[in-house]
Undergrad: 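Following this message is one structure expressed as structure tokens.
When reading the values below, keep in mind they use all heavy atoms of this one structure, side chains included, and skip hydrogens, waters and symmetry mates. Quick caveat, the model's predicted, so the values are computed rather than measured. Labels below follow one simple rule: chain letters A, B, ... track the order of the sequence lines, proteins then strands, and each chain is numbered from 1.
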2 protein chains.
Amino acid sequence: MNTTISDIAQMAGVAKSTVSRYLNGGSVSVKTKQKLERITREAGYVPNTFAQSLKAKRTNLIGTIVPRLDSFAAAQTMTGIDEELRAAGGQMLVYNAGQEREREIEAMHDLARQKVAGIILMPAQVTDEHLLAAEAAGIPVLLVGQGNEALHSLVYDDYQAGLLMGRYVLEKGHRRIAYLGVTEEDEAVGRRRKEGFKQAVLECTDCDVFYYESSFKIADAKLAAERILDECGPTLIVCATDNIALGVVKTAHVRGLSIPSELSITGFGGYEVTSIIHPELTTVRFPYFEAGKLAARHMLKLTAGEDVERLTVMDVEMLVRESVDNLNNSSV
Amino acid sequence: MNTTISDIAQMAGVAKSTVSRYLNGGSVSVKTKQKLERITREAGYVPNTFAQSLKAKRTNLIGTIVPRLDSFAAAQTMTGIDEELRAAGGQMLVYNAGQEREREIEAMHDLARQKVAGIILMPAQVTDEHLLAAEAAGIPVLLVGQGNEALHSLVYDDYQAGLLMGRYVLEKGHRRIAYLGVTEEDEAVGRRRKEGFKQAVLECTDCDVFYYESSFKIADAKLAAERILDECGPTLIVCATDNIALGVVKTAHVRGLSIPSELSITGFGGYEVTSIIHPELTTVRFPYFEAGKLAARHMLKLTAGEDVERLTVMDVEMLVRESVDNLNNSSV
DNA sequence: ATTATTTTTGGAACCGGTTCCTTTAAAGTC
DNA sequence: GACTTTAAAGGAACCGGTTCCAAAAATAAT
């Protein structure tokens, strides 16, 4: 049914090695080149990827393991990876881990088995199991979003993000603040982002900060917001992610609290939706798309055996918008 | 480096055909079975996918072509496809067409070349080129979101969605309405959705409807909303998608128009964000996730040579929320 | 014209599995 | 114990390419 290289060879009256050489730009005489050009075109010949990969022992596929498909960050990163990979003739094989650690591990084994050229992993947390699986895979593994000394990583400057945000809200006069974070098992979002914020707080003498914790889910954030408002009545809630902020915004609306005059709210991420809602959310932009592109570039280098710096830190950018009240004005 | 079936055969002192038989559940004596069990485990043997596929002439990969990665609908559908496929031992290969028709075509050729078992396509519009490419691919192609007689399709009941929405807003007393749609080249969203709405309008005697058009982009929707408000000052704007509605909501906020008392707005889709914003958006829910799962199930059947109904229509559900004012009350 | 050199080609092996067919070993029958 | 039947194992071919090496053809040099 499908024409093979042998079919072409027979039609052209040459050996299949000649056809192969023609296809791969080896030395072929002008007339056989022309003849083969015509025949392959007419027969609509396309080489069989398996046979090629079997011999070459590798594919042009890069496995990308994401925690979920329906998150802004993941989508942006994937888009970046895909764009860059395609430009280089590669392809992205997406593996959805569904936010389960075991499935991330399983994915690595699976992808290695399928002989993808490399793996880009966006984990919530890097465990020894991840390291072991990466080791066993025998192919380059690149971490995005979380860092680890044992692997190539591309991370965001979470500390700086926290610091920027902390300084900004303090500068706006807020002194009674709730920080709604996530589990410290998450090194980047749970720890570093918070540490940066804490550093900013340290630089301030008279500030009360109350630390709370939630999951990444909007529903949980809504509940946490209820608790925060009941327990400590802050002028501002700093949320560890834009999604959490969205949940808090929702709770504020439900309670009839006006943003920012009665409650200020901030996020982290720079999700598109934060500029759609009213008032627009003050947040820190994380360059997900650019990170995806860079990750792909790095991965291509790694698969080509080239050297890449082990740790790359992406800059973040403060996005000052409308959800933080300026308390300095009101005292003037 | 990687252990092959021959290595295993040698270690076990048997022929590789025996090992293959063992691996695939053929008849093997108890003691060789035990020996091979031990050896394959100790050697950490995993079969080479290429070699298998080369012989079998197919993969367990299902190609999925999406218009973009960062859309709620696409993400939900992909999640559904992935979930169902994985449960059946398959895998999803995502191809991002970046909203370009040529790249959809290119993707089909590309995927066919890679011998994916089938293709799930989410096009904005089905052209002859699509049909040709599907034909040439020689593998099952399943359309999601748009229908075509020539291919297996899974569509949403767009007409019904438009009808439901039309009847609902008319029932709420709106009589001066703007419908912000998209290009009629889009059969599902551009035509059928609108037709359903028009049918509802027909059922009403004294209703002024103004039809406008926008792209799918939020930015364009904002602009269109400006024009609508200036030109015809409706009590309600029916938007062809939730994203468009989001843009219109934004414009309303910017103009200081209160929703729904000064302007009612509706969407189509049921995107998560519509229940996060305030007021919550009244819209029609499209079962993207379920459609993804069903698409995967259908595709698995198709690749297995089983029969599947050519056209499947997914039901939609009216989501009555807060963004439509009840004009009947005000007159009481 | 003859020999040396370079360019094109053909043939065969190989990549790592699966499968068909034959041979060998084990078990069952008389 | 000889003979048939069944189960287990081995050998070789095949899937569709790539690549190495040797043979053949074309070109250059003497």
Undergrad: Quick one: OG1 on B/Thr77 to CG on B/Asp82, what's the gap to the nearest 0.5 Å?
TA: 12.0 Å

Undergrad: Taking everything shown except B/Glu100 itself, do over 12 heavy atoms lie less than 6.0 Å from its CD?
TA: yes

Undergrad: Answer yes or no: is there an ion pair linking B/Arg310 with B/Glu149, defined by an N-O contact shorter than 4.0 Å?
TA: no

Undergrad: How about CG on B/Asp128, more than 12 heavy atoms from neighbouring residues, nucleotides or ligands closer than 6.0 Å, or not?
TA: no

Undergrad: May I ask you to decide whether B/Glu37 forms a salt bridge with B/Lys33, counting only side-chain N to carboxylate O separations under 4.0 Å?
TA: no

Undergrad: When you compare the side chains of A/Ser20 and A/Ser17, does any donor N or O come within less than 3.5 Å of an acceptor on the partner?
TA: no

Undergrad: Any chance the side chains of B/Gln146 and B/Asp186 put a donor and an acceptor closer than 3.5 Å?
TA: yes

Undergrad: Would you work out how much the helix from C/dA1-D/dT30 to C/dC30-D/dG1 bends between its ends, with each end axis defined by five base pairs, to 10 degrees?
TA: 50°

Undergrad: Before giving the answer on ring-ring contact (aromatic ring centres under 6.0 Å, His included), spell out for A/Phe50 and B/Phe50 the whole-Å C-alpha distance, their side-chain angles and the decisive distance to 0.1 Å.
TA: CA-CA 5 Å; A/Phe50 304 140; B/Phe50 304 140; 7.3 Å; no

Undergrad: Does any donor atom in the side chain of B/Tyr95 or A/Arg86 lie under 3.5 Å from an acceptor atom in the other side chain?
TA: yes

Undergrad: Would one find more than 12 heavy atoms of other residues, nucleotides or ligands at under 6.0 Å from atom CD of A/Glu135?
TA: no

Undergrad: OP1 or OP2 of C/dG10 less than 4.0 angstrom from a side-chain nitrogen or oxygen of A/Thr18, does that happen here?
TA: yes

Undergrad: Does anything in residues 29-42 of chain B reach DNA chain C, meaning a heavy atom under 4.0 Å, and if so which residues?
TA: none

Undergrad: Sort me out a list of protein N/O and nucleotides 14-18 of chain C N/O pairs below 3.5 Å, or just none if empty.
TA:
unit_1, atom_1, unit_2, atom_2, d
C/dC14, O2, A/Lys55, NZ, 3.1
C/dG16, OP1, A/Lys57, NZ, 2.9
C/dG17, OP1, B/Tyr45, OH, 3.3
C/dG17, OP1, B/Asn48, N, 3.4
C/dG17, OP2, B/Ile5, N, 2.5
C/dG17, O5', B/Tyr45, OH, 2.8
C/dG17, O5', B/Asn48, N, 3.4
C/dG17, N7, B/Lys16, NZ, 2.8
C/dG17, O6, B/Lys16, NZ, 3.1
C/dT18, OP1, B/Asn24, ND2, 3.4
C/dT18, OP1, B/Gln52, NE2, 3.3
C/dT18, OP2, B/Ser20, OG, 2.8
C/dT18, OP2, B/Asn24, ND2, 3.4

